[in-house]
Amino acid sequence: MFLLPVWRHIIQKVPVKYDPQYWSLVFPAGMYAVATFNFSKALDLPFILPISNIFIYFSITAWVIVFAGMLREFIRFLHSEKSL
């Protein structure tokens with residue numbers, strides 16, 4: 001999931017622009033981090049815990065980027081409404 005934006009925007013050279021569909025990548029990434037954490041605790045497998053610790057930072061970063069893009073589009077929308 002985290003390599004898809006690299007492939008899309010760097011390799012395929014698709015311009016970076018906010019799309020609501022990005023939320024469909026952010027949510028599962030966060031749930032994977034939480035599920036891995038709970039799995040580690042439930043089965044007492046401490047060697048799995050670092051995976052969730054890494055993925056939670058990836059997920060938070062992705063959430064912040066998508067949220068910032070959403071806010072940017074919303075502000076652009078408000079400015080375009082004022083000019084009408």
Side-chain angles (χ1 to χ4, degrees):
M1 276 193 294
F2 294 108
L3 294 178
L4 184 60
V6 172
W7 175 80
R8 179 181 167 105
H9 299 295
I10 294 174
I11 296 172
Q12 296 295 317
K13 299 186 188 322
V14 174
V16 177
K17 184 180 176 200
Y18 173 74
D19 189 333
Q21 293 179 3
Y22 288 135
W23 287 112
S24 67
L25 293 173
V26 171
F27 180 76
M31 289 299 99
Y32 177 79
V34 172
T36 305
F37 175 80
N38 287 330
F39 179 73
S40 171
K41 294 295 180 184
L43 296 180
D44 195 27
L45 300 171
F47 65 91
I48 295 177
L49 197 56
I51 296 170
S52 68
N53 291 339
I54 292 169
F55 271 86
I56 196 69
Y57 290 112
F58 282 136
S59 300
I60 290 170
T61 303
W63 189 92
V64 167
I65 290 169
V66 173
F67 186 74
M70 184 182 72
L71 284 179
R72 184 174 178 223
E73 282 295 313
F74 183 66
I75 291 169
R76 281 184 179 176
F77 173 76
L78 291 179
H79 284 273
S80 69
E81 289 292 314
K82 284 183 182 178
S83 63
L84 294 177

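Applying the side chain to side chain contact (heavy atoms under 4.5 Å, CB included) test to W23 and every residue at least two apart in sequence or in another chain returns Y18, V26, W63, V66, F67, M70. Partners of R8 under the salt bridge (charged side-chain N to carboxylate O under 4.0 Å, His left out) rule, at least two apart in sequence or in another chain, do not exist in this structure.
Distance check: M31 CE to T36 OG1 gives 11.0 Å after rounding to the nearest 0.5 Å. Rounding to the nearest 0.5 angstrom, the gap separating the OG atom in S59 from the CG atom in L25 is 11.0 Å. Considering CG of L71 and CZ of F74, their distance stands at 8.5 Å, rounded to 0.5 Å.
Within 6.0 Å of CD in Q12 there are more than 12 heavy atoms belonging to other residues, nucleotides or ligands.
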Anything under 3.5 Å between a donor and an acceptor, one on a side chain of residues 39-56, the other on a protein residue two or more places apart or in another chain? List them.
unit_1, atom_1, unit_2, atom_2, d
S40, OG, L45, O, 2.8
S52, OG, L49, O, 2.8

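Smallest separation of non-hydrogen atoms from V14 and H9: O-ND1, 2.9 Å.
Follow the hydrophobic side-chain contacts under 4.5 Å out from I10 and you never reach V16; the two are in separate clusters. Residues I75 and Y22 do not share a hydrophobic cluster, clusters being chains of Ile/Leu/Val/Met/Phe/Trp/Tyr side chains in contact below 4.5 Å.
Using a 4.5 Å cut-off on side-chain heavy atoms (C-beta onward), T61 and F58 make no contact.
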